[in-house]
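Scroll down for the structure; my scribbles are underneath it.
We use all heavy atoms of the structure for the numbers below, so side chains are in, but hydrogens, waters and symmetry mates are not. So you know, we letter chains A, B, ... as the sequences are listed, proteins then strands, and number each from 1.
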Amino acid sequence: MTTSPRQVELRYDAVAIDRKWQALWDQDGLHRVDNDDPRPKWYEMTMYPYPSGDLHIGHWYAMAPADCHARFRRMQGYNVLHPIGFDAFGLPAENAAISRGIHPYTWTMSNIENMRRQLRSLGAIYDWDREIVCCAPEYYRWNQWFFLKFYERGLAYRNKAPVVWCPSCQTVLANEQVLNGNCERCGSEITRRDLEQWFFRITEYTDRLLDFSGLQDWPDKILNMQTNWIGRSEGVEISFDIAPSNIDEKEIRTFTTRIDTIFGVTFIVLAPEHPLVSQLTTDDKQEDVEAYINRARQTSEIDRMSTEGEKTGVFIGSYAINRLNGERVPVYIGDYVLMTYGTSAVMGVPAHDARDFVFAKKYGLPVRTVVAPIEWNGGELSEAYLGEGFMTNSARYEGMTNEEGKVAIALDIEKNGWGKRTVSFRIRDWLISRQRYWGTPIPMVYCQACGIVPVPEEDLPVLLPPDADFKPTGESPLAANAEFVNTTCPRCHDPAKRETDTMDTFMDSSWYMMRYLSPDYDQAPVDPSVGKRWLPVDQYTGGAEHAVMHLLYSRFFIKALKDIGFIDFDEPFLRLFNQGVILGQDHEKMSKSRGNVVNPDEVVNHLGADAVRCFLMFIGPWDQGGPWSEVGMNGMARWLNRVWDMVARDPSEINEARAVPETKREIMRLLHQTIRKCHNDLDRFKFNTAIAALMELTNGLNRVWADGGIDSDTWRESIEKFLLMLAPIAPHVTEEMWELTGHTYSIHQQLFPTWDDGLAADEMITLVVQVNGKVRDKLEVPADIEEGAARELALASPKVQSFTEGKSIFKSVYVPGRLVNLVVR
RNA sequence: GCCGGGAUGGCGGAAUGGUAGACGCGGCGGACUUAAAAUCCGCUGGCCUCACGGCUGUGUGGGUUCGAGUCCCUCUCCCGGCACCA
């Protein structure tokens with residue numbers, strides 16, 4: 001059983017030091033960022049938090065290292081903007097209103113108030129004059145403005161789309177309000193409903209979103225996720241004739257990536273919602289089909305998943321004709337065909353598609369092999385064959401490889417006008433409508449005479465009315481507010497009704513990087529001259545959970561704005577770094593139910609912000625996350641104590657007479673090696689190894705202090721540079737020590753130390769001597785030793801000789817500065 | 001199922017194809033102390049050995065190489081994402 005660890009006490013008053021310097025920095029505007037500063041700009045953004053009420057250790061983990069990196073850039077001589085704001089619209093505020101009767105505005109703003117205080121305790125370089133809160137009309141006004149621009153440009157359109165619906169609460173549910181197919185509030189089974197909603201045409205940008213060439217350094221993982229999310233597949237759209245053709249439509253269009261298997265088609269499956277279904281359903285099948293469609297509509301996604309692999313469907317009575325061979329095949333509907341992908345209709349090729357195979361077996365449909373598996377004996381397949389092979393049962397394409405067949409068939413189909421090569425995408429247009437109160441009102445008006453009319457730009461913002469009924473009614477809460485809903489048409493001035501849905505909060509985050517630049521500017525979302533100075537963002541950091549939604553939407557937004565002519569850059573965030581997740585002491589995800597949640601305020605109030613910052617950065621690589629540890633925290637406090645003692649030593653106590661030139665050289669070497677390592681590591685977010693290097697320097701300096709041999713100038717220089725390196729990591733205590741060592745305020749206005757490779761170079765190295773790749777001896781030799789000399793020393797080693805004795809050396813490998821490997825037989 | 005990432009001491013982790021385990025935690029021993037804490041010093045992957053030293057060791061099995069934690073192939077497990085995408 002683990003007992004609560006003994007707590008290390010700091011030998012300095014960290015809390016007082018935090019307060020002292022935070023107040024002073026504030027007072028002096030040390031972190032105020034001047035747009036006209038002549039230094040090169042560096043715009044480093046961290047994902048803004050949702051104002052949930054409390055800053056937890058996860059926020060610290062995201063923000064403290066990010067701040068360290070931004071500070072490091074500042075010490076490299078950049079004019080650094082590292083702003084902060086609040087993602088203030090969204091569902092939790094509305095839930096609080098429903099469950100506790102607090103107005104979302106009140107709830108949100110009081111949370112922000114508290115989080116501001118907590119965020120200040122980080123000691124980050126946030127310029128609070130630039131803070132943004134996107135539930136403010138001054139902010140969301142520009143959401144509406146962008147919406148209107150997109151609408152003008154044809155990028156915003158209205159269409160029917162299904163929403164998740166709770167029949168008992170009579171309300172629309174967000175996906176996160178659905179638990180195992182049931183309403184999280186009342187537990188009843190959810191259904192779907194079609195509503196007219198607003199979309200952005202992100203699908204028009206798929207090719208440009210797949211082009212990552214404008215990005216400088218994004219994790220491959222994120223690029224991969226975005227690529228998969230967009231889901232581009234090349235294939236062929238091929239039409240089948242409908243028989244009998246006594247209806248308006250003459251054909252069923254299908255999409256396939258395997259046109260080489262067209263001769264293996266033995267049925268057609270339409271999505272249950274496919275528009276041709278009612279016309280193609282014969283009278284005798286009417287009842288079955290209707291029953292199936294109703295069942296499909298009610299089946300939640302979770303339920304569909306629970307019947308894993310199962311394929312259901314129903315024959316609708318009609319047949320389609322394969323134009324390549326004139327064959328007549330039955331038409332089914334089945335819910336494994338999605339309304340939202342391709343043409344919502346598939347050609348069933350059971351021999352070469354796993355789903356079609358299962359379907360065919362279930363309904364007794366024929367399976368015809370048209371791509372011969374290797375060593376196929378012509379017999380029946382036990383599962384779909386998805387591999388390569390030679391075409392068979394395929395008329396004039398017989399004997400081609402299926403890859404050749406793909407091309408040949410596609411060309412012939414195009415020649416005959418039966419279809420065309422095309423590309424399908426998984427991604428859908430961005431649905432921005434939310435049937436919610438706490439969001440940006442969509443600036444649209446519905447007029448009986450004029451139809452859909454945009455609110456004129458000069459009438460923005462369309463204000464979110466403060467009084468609304470948040471209780472679930474089945475419509476957006478705004479619909480119940482007559483004063484809001486009833487308006488006049490901007491065009492004909494007759495009575496009209498406002499759009500009552502609000503916008504997705506990803507709208508806010510799509511362009512917030514612009515608003516930090518001129519948060520009070522009222523002529524446009526961003527003051528153009530300031531935007532020109534700062535945009536795009538050089539470095540963005542945040543959690544990987546936003547890999548596809550936020551980061552893709554924002555990229556789309558920026559590209560669309562470029563097309564509109566509003567900006568002249570193409571990507572919002574040039575570099576991206578994703579931090580990992582901080583875990584509880586038990587190595588599990590932090591959660592209230594597990595009781596492993598760490599309250600940062602408590603630790604900060606005891607050991608100060610710097611100890612927490614240092615520890616979070618020391619746990620491990622930032623992108624991997626890692627477990628919180630109280631004992632680990634103790635270790636960090638212990639190191640800071642040793643740092644404090646070391647810096648507090650009086651260099652005039654040094655006995656200069658005992659100074660040894662060799663010691664000075666050694667310390668300078670260690671110092672310059674540390675600067676080089678620290679610089680390179682901080683640059684690449686490798687905080688853990690940067691801190692380890694600083695610990696080694698501490699150990700080295702403590703040793704020479706104890707052993708003697710150092711001169712006071714070297715000591716002073718080492719301490720000074722050590723503090724500068726530690727400054728971005730532990731800003732408060734270094735500022736205090738900077739003052740105590742007689743330097744002028746502020747350490748944070750100094751440049752990061754530079755190193756000299758010559759001084760950092762080792763004079764002596766450990767030459768490893770291997771025999772047949774195994775280490776047999778280690779020799780201290782001059783770093784610039786030549787191969788011949790190294791080999792001679794190696795051969796002279798008695799340890800080595802005992803392994804080479806009686807054998808002949810037929811090869812020797814020399815790696816300069818590292819090793820000699822003798823290969824013997 | 002598909003895509004991506006990972007697996008190194010008791011723990012977190014470090015290691016441009018070249019000394020595996022830096023740094024820290026924990027543990028053990030010692031100094032200081034009436035004592036404990038704190039602090040300081042030393043040791044700390046496993047096995048064998050009084051010792052010198054040797055053998056072995058980075059999830060599994062193979063391969064490439066003078067040399068593999070690192071590169072290639074196989075498998076197992078873990079984490080993240082997507083999920084009937086035709």
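- Judged by distance alone, with hydrogens and angles left aside, Q770(A) brings a side-chain donor or acceptor within reach of the base of G18(B), the pair sitting under 3.5 Å.
- Put simply, S424(A) has no side-chain N or O that comes within less than 4.0 Å of OP1 or OP2 on A86(B).
- Minimum atom distance to the side chain of K778(A) is reached by U19(B), of the listed C23(B), U19(B), G4(B).
- Neither OP1 nor OP2 of A22(B) sits under 4.0 Å from any side-chain N or O of N688(A).
- With a cut-off of 3.5 Å on both Watson-Crick or G-U wobble distances, the partner of U33(B) is given as none.
- Taking the syn range as angles within 90° of 0, the glycosidic angle of G4(B) is outside it, so the base is anti.
- Residue R818(A) has its side chain nearest to U19(B) when only C85(B), C82(B), U19(B) are considered.
- Base pairing of U60(B) is not made with any nucleotide, judged by Watson-Crick or G-U wobble geometry with both donor-acceptor distances under 3.5 Å.
- Expressed to the nearest 0.5 Å, how far CG of L819(A) lies from CD of Q770(A) amounts to 5.0 Å.
- In this structure, G69(B) forms no base pair with any nucleotide, since neither Watson-Crick nor G-U wobble geometry is met with both distances under 3.5 Å.
- Across all strands, R825(A) comes closer than 4.0 Å to no nucleic acid atom at all (heavy-atom distances).
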*Carefully, step by step, assess F577(A) and W622(A) under the rule ring-ring contact (aromatic ring centres under 6.0 Å, His included).*
CA-CA 9 Å; F577(A) 193 95; W622(A) 194 34; 5.4 Å; yes
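- Across all strands shown, G12(B) forms a Watson-Crick or G-U wobble pair, both distances under 3.5 Å, with C23(B).
- You'll find that the side chain of V815(A) is closest to G18(B), out of C82(B), A86(B), G18(B).
- Nucleic acid contact for V775(A): sugar-phosphate only, since backbone atoms but no base atoms lie under 4.0 Å from a heavy atom of the residue.
- For C2(B), the paired base is G81(B) (Watson-Crick or G-U wobble, both distances below 3.5 Å).
- With respect to the salt-bridge test (charged N to carboxylate O, under 4.0 angstrom), the residues E234(A) and R232(A) qualify.
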